[in-house]
Amino acid sequence: MKRNKDKDSFIKFLAVIDILIKNSDERNPMTVSDIQYKLYELDYDFHIDYRLIKKYVNNYNDYYEDTIIESYKKGRNYYYYFVNTALDTMEAKAIVDLIYSSDFFTLKTKENYKKRIQDMFSIHYHAYFDKRLNLHVEKNENDQVFYKELEVIVRAIIEHKKIRFEYHKPFISREDNYKKIELAPIDTCFANNEYYLLCQGAIDLKLSITYRLDYIKNVEIVEDSSVYFNELEMQCFHEKLKNITYMYGEGHIEVIELDFNESVYSNIIDKFGKDIKPKKIFDKTYRVRVKNIINSTFYSWVVGFGGAIQISGNQQQVERFQNFLKEKFL
């Protein structure tokens, strides 16, 4: 006796589940008729009834743990809708907002991220993630170059090997020779609207240092190296991330002038973006006008450069900074 096996069963399963994931949610459940009509729109010549849909949904729910398709009966109709328990819409929107607010990603990469986030939810929520950018600066950026470097870095982390790379920090008045740096990569992290690479310190192996990922060029793996970090070391390394200065909290946004030594030009860019326009006022000293939240966190960031950055704004701003120094340090 031959089994009556449906050769299109798996394709039907994929089609039904894909329709439910892309077109349904708790507020917009789909009936059997809705699913059948979608199959017709997609030119699938399938015969699907409520028994097959129920079977496909049960199989899907049995296999996947972080997502689920709910069902209920109301009147004579069965209703189905997709629930993404891994990420809710507000969490996903926050991710898209952070990516779009960063100066690091190219517009093409931002659009790709948005599309991938949208595909995680039904069409009824796609508008939540729409973003409109007013780019006043045209940038000739190649995001593929960055991802090629990142791929090598990630492979080195997985294989527990060191990497060798050039660090192309921007300089305001000179060109650097970009010496090769050899370090053990620990992890990548996102802070202050930028991506960083966390590495083991070259001199003190118990410390960690960070490098802007978009300044890292020509990465290669040191094949004959071997690096392993235990759980305690990893915990100590990640304490470094807690010390990265954030410009949020109390205070108000103000326009303020800063004088800085050319040696900290890359730090100024890290904090205020690439579109600043420094003006040379002395030998190796520049002045720039920036807009930022002025608070104790900002003052601490200035103090951290040991005088290489000075507040040169109006007298009231200078006095407020002096009062902060007297209260905290004198």
S.K.: Using a strict threshold of under 4.0 Å (side-chain N to carboxylate O), is an ion pair present between Lys38 and Glu41?
M.R.: yes
S.K.: Is it true that atom CD of Gln316 has more than 12 heavy atoms of other residues, nucleotides or ligands lying nearer than 6.0 Å?
M.R.: no
S.K.: Please tell me whether Trp301 and Phe272 form a close aromatic pair, meaning their ring centres lie under 6.0 Å apart.
M.R.: yes
S.K.: Taking only residues two or more places apart in sequence, or in another chain, which ones meet Tyr37 in a ring pair (Phe, Tyr, Trp, His ring centres under 6.0 Å)?
M.R.: none
S.K.: Should Tyr215 and Ile269 be marked as a side-chain contact (heavy atoms from CB on, under 4.5 Å) after you check the CA-CA gap, both sets of side-chain angles, and the distance that decides it?
M.R.: CA-CA 12 Å; Tyr215 293 163; Ile269 288 181; 3.6 Å; yes
S.K.: What pair of heavy atoms forms the shortest contact from Arg320 to Tyr299, and how long is it?
M.R.: CB-OH, 3.5 Å
S.K.: So, the side chain of Glu149 versus the backbone of Val219: is there a donor-acceptor pair under 3.5 Å, distance only?
M.R.: yes
S.K.: Using 0.5 Å steps for rounding, measure from the OG atom of Ser24 to the CD1 atom of Ile123.
M.R.: 9.5 Å
S.K.: Do Glu254 and Gln317 come within less than 4.5 Å of each other through their side chains, counting heavy atoms only?
M.R.: yes
S.K.: Which atom names give the shortest non-hydrogen contact between Phe260 and Pro278, and what distance separates them?
M.R.: CZ-CB, 3.8 Å
S.K.: Could you tell me if the side chain of Phe165 sits less than 4.5 Å from the side chain of Val152, heavy atoms only?
M.R.: no
S.K.: Do Met90 and Tyr100 share a hydrophobic cluster, counting only Ile, Leu, Val, Met, Phe, Trp and Tyr and linking them when any side-chain heavy atoms are less than 4.5 Å apart?
M.R.: yes
S.K.: Between Phe321 and Val318, does a side-chain contact (heavy atoms from CB on, under 4.5 Å) hold up when you go through it step by step?
M.R.: CA-CA 5 Å; Phe321 180 54; Val318 173; 5.8 Å; no
S.K.: Please answer: with hydrophobic residues joined when any side-chain heavy atoms are less than 4.5 Å apart, are Val83 and Met30 in the same cluster?
M.R.: no
S.K.: The test is side-chain contact (heavy atoms from CB on, under 4.5 Å); show your working for Phe82 and Ser122 and say whether it passes.
M.R.: CA-CA 8 Å; Phe82 177 69; Ser122 73; over 6 Å; no
S.K.: Is the distance between the ring centroids of Tyr211 and Tyr167 less than 6.0 Å?
M.R.: yes
S.K.: So which heavy atom on Val57 is nearest to which on Ile69, and how close?
M.R.: CG1-O, 3.7 Å
S.K.: Answer whether the closest heavy-atom distance between the side chains of Ile163 and Leu197 falls below 4.5 Å.
M.R.: yes
S.K.: So, taking the atom named CD1 in Ile117 and the one named NZ in Lys93, what distance separates them when rounded to the nearest 0.5 Å?
M.R.: 12.0 Å
S.K.: Would you say the side-chain atoms of His126 pair up with the backbone N or O of Gln118, donor to acceptor, closer than 3.5 Å?
M.R.: yes
S.K.: I want to check something: taking the side chain as every heavy atom from C-beta on, are Leu14 and Asp18 in contact at a cut-off of under 4.5 Å?
M.R.: no
S.K.: Might you confirm whether atom CD of Glu26 has over 12 heavy atoms from other residues, nucleotides or ligands at distances under 6.0 Å?
M.R.: no
S.K.: Parallel, tilted or perpendicular, judged at 30° and 60°: which one describes the rings of Phe13 and Tyr56?
M.R.: perpendicular
S.K.: After noting the C-alpha distance and the side-chain angles of Phe129 and Phe121, does the key distance pass the ring pair (Phe, Tyr, Trp, His ring centres under 6.0 Å) rule?
M.R.: CA-CA 10 Å; Phe129 309 109; Phe121 298 88; 5.6 Å; yes
S.K.: Can you name the nearest heavy-atom pair linking Gly307 to Gln310, along with the distance?
M.R.: O-NE2, 3.3 Å
S.K.: Who are the side-chain hydrogen bond (donor to acceptor under 3.5 Å, both in side chains) partners of Lys161, not counting sequence neighbours?
M.R.: none
S.K.: Using distance alone, with no hydrogens and no angle criterion, decide if Asp25 and Asn28 have a side-chain donor and acceptor under 3.5 Å apart.
M.R.: yes
S.K.: Rounded to the nearest 0.5 Å, what separation is found between the CD1 atom of Ile181 and the SG atom of Cys199?
M.R.: 8.5 Å
S.K.: For Tyr72, look at atom OH and say whether over 12 heavy atoms of other residues, nucleotides or ligands are found less than 6.0 Å away.
M.R.: yes
S.K.: Report yes or no: do Ile153 and Val222 belong to one cluster of Ile/Leu/Val/Met/Phe/Trp/Tyr joined by side chain heavy-atom distances under 4.5 Å?
M.R.: no
S.K.: Is it the case that over 12 heavy atoms from other parts of the model lie below 6.0 angstrom from the CG atom of Asp62?
M.R.: yes
S.K.: Examine Tyr50 and Ile19 and state if one hydrophobic cluster contains both, with Ile, Leu, Val, Met, Phe, Trp and Tyr joined whenever side-chain heavy atoms are less than 4.5 Å apart.
M.R.: yes
S.K.: Between Tyr125 and Tyr128, what is the ring plane arrangement, given parallel below 30°, perpendicular above 60°, and tilted in between?
M.R.: perpendicular
S.K.: Does the pair Asp214/Arg212 count as a salt bridge with the N-to-O cut at 4.0 Å?
M.R.: yes
S.K.: How many angstroms lie between CZ in Arg289 and CG in Leu258, if you round to the nearest 0.5 Å?
M.R.: 10.5 Å
S.K.: Would you give the length of the straight line joining atom CD1 of Ile35 to atom CD1 of Ile17, rounded to the nearest 0.5 angstrom?
M.R.: 8.5 Å
S.K.: Looking at Lys180, I'd like to know if its NZ atom is crowded, meaning that more than 12 non-hydrogen atoms belonging to other residues, nucleotides or ligands lie closer than 6.0 Å.
M.R.: yes
S.K.: Looking at Glu220 and Arg164, is there a salt bridge between them, counting it only when a charged N and a carboxylate O are closer than 4.0 Å?
M.R.: yes
S.K.: Quick one: do the Thr31 and Asp34 side chains pair a donor with an acceptor below 3.5 Å?
M.R.: yes
S.K.: More than 12 heavy atoms of other residues, nucleotides or ligands under 6.0 Å from CD of Glu231: yes or no?
M.R.: no
S.K.: Within a strict 4.5 Å, meaning less than it, do heavy atoms of the Lys54 and Tyr80 side chains meet?
M.R.: yes
S.K.: Name all residues meeting the salt bridge (charged side-chain N to carboxylate O under 4.0 Å, His left out) criterion together with Arg287; count only those two or more places apart in sequence or in a different chain, and write none if there are none.
M.R.: Asp259
S.K.: With the threshold set at 4.0 Å, does a side-chain nitrogen-carboxylate oxygen contact exist between Glu111 and Lys108?
M.R.: no
S.K.: Would you say Asp130 and Lys114 make side-chain contact, with heavy atoms under 4.5 Å?
M.R.: yes
S.K.: How about Val32 and Asp49: do any of their side-chain heavy atoms sit closer than 4.5 Å?
M.R.: no
S.K.: Evaluate side-chain contact (heavy atoms from CB on, under 4.5 Å) for Ile11 paired with Phe46, printing each intermediate quantity in order.
M.R.: CA-CA 10 Å; Ile11 299 176; Phe46 293 153; 3.6 Å; yes
S.K.: Closest approach of Lys162 and Val227, non-hydrogen atoms and distance?
M.R.: CG-CG2, 3.6 Å
S.K.: Can you see which heavy atom on His47 is nearest to which on Lys12, and at what distance?
M.R.: O-NZ, 3.9 Å
S.K.: To the nearest 0.5 Å, tell me how far Ile221 CD1 sits from Ile157 CD1.
M.R.: 10.0 Å
S.K.: Using the rule that two of Ile, Leu, Val, Met, Phe, Trp, Tyr join whenever any of their side-chain heavy atoms come within less than 4.5 Å, decide whether Phe282 and Ile276 are in one cluster.
M.R.: no
S.K.: Using modelled atom types and a 3.5 Å cut-off, is there a donor and acceptor pairing between side-chain atoms of His168 and backbone atoms of Ile216?
M.R.: no
S.K.: Under a 4.5 Å cut-off applied to non-hydrogen side-chain atoms, are Tyr60 and Ile21 in contact?
M.R.: yes
